[in-house]
Amino acid sequence: QVQVVESGGGLVQAGESLRLSCTTSGLTGDAYAMGWFRQAPGEEREGVSCISRLSTVTYYANSVKGRFTVSRDNAKNTLYLQMDSLQPEDAAMYYCAARIYVTPGECSKLSTTYWGQGTQVTVSS
């Protein structure tokens with residue numbers, strides 16, 4: 001049984017930082033590209049930052065470039081998202097996804113993507 005579990009969300013003030021973590025089980029640690037998506041109320045889910053299985057390729061949405069950093073530790077089956085200089089527009093439910101498609105210019109879900117339950121990020125101005 002595959003499990004994808006996020007943690008690390010919370011309420012911060014604008015300019016502050018958060019670090020999200022995502023741990024998977026039931027999947028081989030380095031077999032899949034993984035990523036972070038977010039969805040704000042009334043909006044579609046969008047790819048925020050994604051990383052290939054060996055960390056050789058990363059993708060960042062334009063809105064987060066220079067502020068967010070994605071990384072993974074395959075030995076721990078864990079994906080991270082360091083979010084600095086958070087802004088109110090970053091507020092959303094953040095979802096971890098395992099088994100996604102990633103290039104430097106694109107991060108997309110697949111029909112076989114596994115999703116976590118989400119972790120809420122709230123940023124006050």
Side-chain angles (χ1 to χ4, degrees):
Q1 181 181 0
V2 175
Q3 289 190 314
V4 180
V5 180
E6 306 98 333
S7 62
L11 170 63
V12 297
Q13 294 187 333
E16 294 185 339
S17 299
L18 279 175
R19 189 193 196 202
L20 305 183
S21 298
C22 169
T23 301
T24 64
S25 59
L27 291 170
T28 304
D30 61 353
Y32 303 103
M34 298 186 69
W36 293 96
F37 291 70
R38 69 186 181 188
Q39 187 169 20
E43 298 186 11
E44 294 187 356
R45 192 172 298 189
E46 63 171 350
V48 176
S49 183
C50 299
I51 188 168
S52 62
R53 62 187 187 93
L54 297 179
S55 303
T56 53
V57 177
T58 56
Y59 164 86
Y60 293 95
N62 287 334
S63 58
V64 307
K65 283 181 180 178
R67 300 187 298 121
F68 290 12
T69 303
V70 65
S71 62
R72 65 191 293 171
D73 184 338
N74 290 337
K76 297 181 179 179
N77 294 339
T78 302
L79 175 73
Y80 303 99
L81 185 66
Q82 177 67 40
M83 304 187 294
D84 298 322
S85 301
L86 282 161
Q87 300 301 315
E89 53 266 34
D90 295 316
M93 185 71 80
Y94 282 70
Y95 297 90
C96 176
R99 192 187 280 169
I100 53 91
Y101 173 75
V102 60
T103 70
E106 181 181 358
C107 174
S108 304
K109 63 180 178 68
L110 300 171
S111 61
T112 53
T113 294
Y114 293 101
W115 296 96
Q117 81 288 351
T119 185
Q120 182 68 44
V121 172
T122 304
V123 185
S124 63
S125 57

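Below, all heavy atoms of this structure are taken into account, side chains as well, without hydrogens, waters or symmetry copies. Since we're looking at a predicted model, the values are computed, not measured.
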Treating [X] as the side-chain partner and [Y] as the backbone partner, does any N or O pair qualify as donor plus acceptor under 3.5 Å?
X	Y	value
Glu106	Thr103	no
Tyr60	Gly105	no
Gln120	Ala92	yes
Thr56	Leu54	no
Ser52	Val57	yes
Arg72	Thr78	no
Asp73	Leu79	no
Glu6	Gln117	yes

Which heavy-atom pair separates [X] from [Y] by the least distance, and what is that distance?
X	Y	value
Tyr59	Cys107	CD2-CB, 3.4 Å
Ala91	Ala40	O-CB, 4.0 Å
Ala98	Thr24	CB-CG2, 4.5 Å
Val102	Ala33	CG1-CB, 3.7 Å
Val64	Asp90	CG1-OD1, 4.4 Å
Ser17	Asp84	OG-OD1, 2.8 Å

Counting C-beta onward and ignoring hydrogens, is there a side-chain heavy-atom pair between [X] and [Y] closer than 4.5 Å?
X	Y	answer
Glu16	Leu86	no
Cys96	Tyr114	no
Gln87	Arg67	yes

Next on the checklist: Assess the residue pair Thr69 and Leu81 against the criterion (side-chain contact (heavy atoms from CB on, under 4.5 Å)); give the C-alpha distance rounded to whole Å, side-chain angles, the decisive distance to 0.1 Å, and a yes or no.
Outcome noted: CA-CA 6 Å; Thr69 303; Leu81 185 66; over 6 Å; no
Checklist entry - Going by distance alone, is a donor N or O of one side chain under 3.5 Å from an acceptor N or O of the other, for Arg38 and Tyr94? => result yes
May I ask whether [X] and [Y] are part of the same hydrophobic cluster, defined by side-chain heavy atoms of I, L, V, M, F, W, Y residues being less than 4.5 angstrom apart, directly or through others?
X	Y	answer
Met93	Ile100	yes
Met34	Leu20	yes
Val5	Tyr95	no
Phe37	Val4	no

Item to check | Over-ring placement of Arg19 relative to Tyr80, 6.0 Å and 45° cut-offs | outcome: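 Geometry flag: set, cation within 6.0 Å and 45°.
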Item to check | Row check, Trp115 ring normal vs Arg99 NZ/CZ: under 6.0 Å, within 45° | outcome: no
Next on the checklist: Please report the interatomic distance CZ(Phe68) to CG(Leu18), rounded to the nearest 0.5 Å.
Outcome noted: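 That separation rounds to 9.0 Å.
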